[in-house]
Amino acid sequence: MNYVRLGPVRWGWQGAVMAAPGVIVVDELRRLGVARGALVALTLAPEVGLGLATVGGGWSRPVGVDDPAPVVQAVEHELRPRWVLWSNETAVALVRRGVRVATCWDVAAVHRLLFGGWRADPARVWAHLHGLPLATMPTSRPLDLFSQVEHGDADPDGPLRSDGHISAEWVGGGWAETPERLVRWAELAVGVAGLQQERLAELDAAGGAGRGRASATARSESAAELLCAEMSVDGLPLDRSVAEEIIGDVIGPRPRTESEAVEQRGRRDAEVLRHAPADSRFDLRSPGQVKSLLRRVGIEVPDTRAGRLEAMRDAHPLVDALLLWRKAERVATTYGYGWLDENLDPDGRLRGAWSGSDGAAGRMTASAGLHNMPADMRGAVVAEAGHVFVRADLGQIEPRVLAAVSGDRGLARATQADDMYAPVAEDLGVDRATAKVAVLGAMYGQTTGHGAQALRRLSSAYPVAMAYLDGGDRSGQAGRDLRTYGGRLVRMGGGSPGADAAGAPELADHDRDREARGRAAARGRYGRNALVQGAAAELFKVWAVTVRARGAATEARIVLCLHDELLLHVPVAHDDAAARLLDDCLQESAHRWAPDASVRFVAEINVIRRWSDAKG
DNA sequence: TGCGGCTATTG
DNA sequence: CACAATAGCCGCAG
């Protein structure tokens with residue numbers, strides 16, 4: 001492949017083309033044949049400049065710019081290419097500068113799809129695509145004396161070592177040192193994107209269940225990274241005074257000094273300890289000591305989890321006090337004033353880092369409590385003036401996804417119902433609650449308890465779906481890697497839960513065997529569930545990025561993604577349009593994702609002022 | 001100081 | 001108390 005370099009493009013360069021650098025770059029790219037959807041790699045470094053590269057022939061001349069944002073914006077507006085980015089860090093940098101692009105090719109996100117795991121730095125991506133040993137891959141650690149002398153550089157100033165790896169100096173930040181290097185780094189990115197596309201095409205062509213969609217998944221996963229960048233920058237509207245009221249109700253007013261904080265803590269502790277023997281000194285934050293404390297009042301428990309203590313509420317007043325204490329302690333330590341100070345910005349937006357996929361099945365993740373905010377706190381998530389939230393959540397996404405990816409006709413038929421557990425219950429000849437537990441148990445890998453016999457009925461009613469799950473289970477147990485419907489590699493070989501961990505030497509043989517079986521079973525459950533959870537995440541992201549694209553025109557902004565739920569922040573005037581948009585996009589996405597159309601997906605949609613107003 | 005265990009929150 | 005995640009604190013090893 002022949003890569004075009006465009007640039008170097010510098011900040012503050014006082015040349016003749018200063019007047020309209022964006023126009024110059026657009027003309028240049030157009031001359032090179034770049035049109036809508038063509039790959040154009042972009043690298044950015046503050047204070048240094050930006051590098052651009054595309055696929056084709058010929059060379060461009062240097063262009064000078066003060067600020068990269070207008071250049072990218074101009075190219076985006078005129079040509080709308082598919083921007084090749086090493087990772088979503090570049091997307092975040094762009095969004096921070098006010099530039100939102102429509103599409104991209106996120107090299108790191110595609111790497112995670114192709115090769116599994118989470119780490120996707122350029123050195124690793126390069127090594128995988130070129131079949132280079134990971135053992136000799138440069139680390140991101142600071143250079144030591146040895147790594148420099150061991151491998152000579154093919155080109156002393158270039159990005160590649162003589163052994164084919166990217167040089168440690170370049171991955172360690174050297175790529176951003178000069179405008180020339182930024183361009184070279186962009187060339188490398190566009191080349192990597194080309195290699196990734198070849199791998200994806202091979203997967204697409206391989207056929208068979210779950211192997212035909214990898215290229216499409218790469219594009220939706222890339223767009224999801226853009227969405228993540230935007231959510232990270234935009235934040236979630238959160239009303240500070242409402243939040244402080246909610247916190248205050250649980251732990252009292254904000255302590256003004258450290259000693260006040262200690263005093264508050266002491267009061268909370270005393271409220272529990274007054275039920276204990278007078279001389280006792282127990283640390284309630286230590287599970288071991290809590291167990292001892294409970295023993296002192298005559299309660300023996302294997303662990304002190306809330307569910308366990310719930311059953312002991314009547315045994316001693318201390319239990320109730322302890323459960324209350326736990327609630328308050330959670331607020332004080334995790335979702336209290338400190339959480340607000342840390343994550344809620346002066347503009348009333350709660351900001352955390354969003355990631356397009358975790359390292360396992362590929363669900364989105366978020367920090368700052370955006371994905372696990374206590375239900376009580378949702379009352380503080382209030383739409384800003386002139387805005388409302390339009391919220392949608394997918395109903396029963398996992399069993400519906402299972403029907404789609406397995407191709408089970410009977411289960412697909414059940415998805416025609418708004419509540420698919422009703423027809424499933426009929427098919428199995430059990431009540432709805434039993435049917436639901438059985439289906440969830442099958443997807444999570446439960447083999448014991450009440451669900452066990454309903455499980456056998458499931459196998460005869462939906463043999464294709466159950467065989468699909470069993471296949472995932474067997475692969476997991478055997479340590480064989482899996483691919484989801486959308487083509488994501490789920491690593492089962494190493495690093496997954498319980499993959500190795502030799503049994504403790506002091507255990508007897510039969511205990512070790514039992515542990516080994518337990519670990520294998522856990523891997524089986526993991527593999528079984530990853531197929532469903534991963535495919536559900538893929539569909540969800542297709543939906544989310546479709547809403548993102550279609551909603552841009554009406555200023556409908558996605559402010560939260562929650563596995564099966566989307567929260568849009570929209571101007572009041574557009575609430576109906578946004579509600580329609582969410583459903584239209586779901587139908588469109590489902591059709592593109594699973595063209596067979598025998599599986600129905602449903603969403604519950606409502607327009608609300610605050611998140612807690614959602615029913616459900 | 002780093003890491004596994006325990007606990008809680010969410011889907 | 002199945003599957004996944006983030007997050008805080010304790011206890012222990014180094």
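Quantities reported herein were computed from a predicted structural model and do not represent experimental measurements.
Comparing A:Arg285 and A:Glu398, the nucleotide of DNA chain C nearest to each residue sits closer to the 5' end for A:Glu398. Place A:Arg305 and A:Thr365 on DNA chain C by their nearest nucleotides, and A:Arg305 ends up nearer the 5' end.
Distance A:Trp543 CH2 to B:dG11 P: 14 Å, rounded to the nearest Å. Counting to the nearest Å, the P atom of C:dC3 and the CG atom of A:Asp358 are 15 Å from each other. Residue A:Gln533 contributes atom CD, which lies 7 Å from atom P of C:dA5 at whole-angstrom precision. Following rounding to the nearest Å, A:Asn343 (CG) and C:dA7 (C1') show an atom-to-atom distance of 11 Å. Look at CD on A:Gln396: it is 16 Å from P on B:dG11, rounded to the nearest Å. Distance, A:Met373 CE to B:dG11 P: 11 Å, rounded to whole Å. Counting to the nearest Å, the P atom of C:dA4 and the CZ atom of A:Arg528 are 13 Å from each other. Nucleotide C:dT6 holds its P atom 17 Å from the CH2 atom of A:Trp339, rounded to whole Å.
Taking side-chain N and O atoms only, A:Arg330 has no distance below 4.0 Å to OP1 or OP2 of B:dA8. A:Arg523 has no side-chain polar atom (N or O) that falls below the 4.0 Å cut-off from OP1 or OP2 of C:dA2. A:Lys291 has no side-chain polar atom (N or O) that falls below the 4.0 Å cut-off from OP1 or OP2 of B:dC6. Listed pair A:Thr304 / B:dT7 meets the phosphate criterion, a side-chain N or O lying under 4.0 Å from OP1 or OP2. Remark: A:Gln289 is in phosphate contact with C:dG11, judged by side-chain N or O atoms under 4.0 Å from OP1 or OP2. In this model, the phosphate group of C:dA7 is not approached by any side-chain N or O of A:Thr333 to a distance below 4.0 Å at OP1 or OP2.
Checking B:dG11, C:dG8, B:dT10 against the side-chain heavy atoms of A:Asn372 singles out B:dT10 as nearest. When distances run from any side-chain atom of A:Lys327 to the nucleotides B:dG11, C:dC10, B:dT9, the shortest one goes to B:dT9. Listed nucleotides: B:dG11, C:dG11, C:dC3. Nearest to the side chain of A:Arg525: C:dC3. Picking from C:dA5, B:dG11, B:dC6 the nucleotide with the shortest atom distance to the side chain of A:Pro287 gives B:dC6. Proximity note for A:Ala360 (side chain, C-beta onward) versus B:dA8, B:dT10, C:dA4: the nearest is C:dA4. The side chain of A:Asp303 approaches B:dT7 more closely than any other nucleotide in the set C:dT6, B:dT7, C:dA4.
A cation-pi arrangement is not found for A:Arg391 relative to A:Trp611, the charged atom failing to lie both closer than 6.0 Å to the ring centre and inside a 45° cone about the ring normal.
At a threshold of 4.0 angstrom between heavy atoms, the contacts of A:Asp283 are confined to the sugar-phosphate backbone, with no base atom among them. Heavy atoms of A:Met443 sit nowhere under 4.0 angstrom from any nucleic acid atom. When heavy atoms are screened at a 4.0 angstrom cut-off, A:Ala361 is found touching no nucleic acid atom at all. Among the heavy atoms of the strands lying under 4.0 Å from A:Arg308 is at least one base atom, whether or not backbone atoms are also near. Heavy atoms of A:Gly445 sit nowhere under 4.0 angstrom from any nucleic acid atom. Across all strands, A:Ala530 comes closer than 4.0 Å to no nucleic acid atom at all (heavy-atom distances).
Between A:Asp303 and A:Arg308 there is a salt bridge, with a side-chain nitrogen of the basic residue lying less than 4.0 Å from a carboxylate oxygen of the acidic one. Using a cutoff of 4.0 Å between basic side-chain nitrogens and carboxylate oxygens, A:Arg267 and A:Glu271 are not scored as salt-bridged. Look at A:Arg351 and A:Asp345 and you find a salt bridge, because one of the NZ, NE, NH1 or NH2 atoms lies within 4.0 Å of a carboxylate O, short of that distance. The pair A:Arg548-A:Glu230 counts as a salt bridge, with a side-chain nitrogen and a carboxylate oxygen less than 4.0 angstrom apart.
Between A:His569 and A:Phe389, the distance separating the two ring centers is shorter than 6.0 angstrom. Between A:Phe601 and A:Trp543, the ring center distance fails the sub-6.0 Å criterion. Taking the ring centroids of A:His371 and A:Trp354, they lie under the 6.0 Å cut-off.
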Atom pairs under 3.5 Å: protein N/O with N/O of nucleotides 12-14 of chain C:
none

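Side-chain atoms of A:Glu538 and A:Thr484 include a donor-acceptor pair closer than 3.5 Å.
Side-chain N/O atoms of A:Arg326 and base N/O atoms of B:dA8 include no donor-acceptor pair closer than 3.5 Å.
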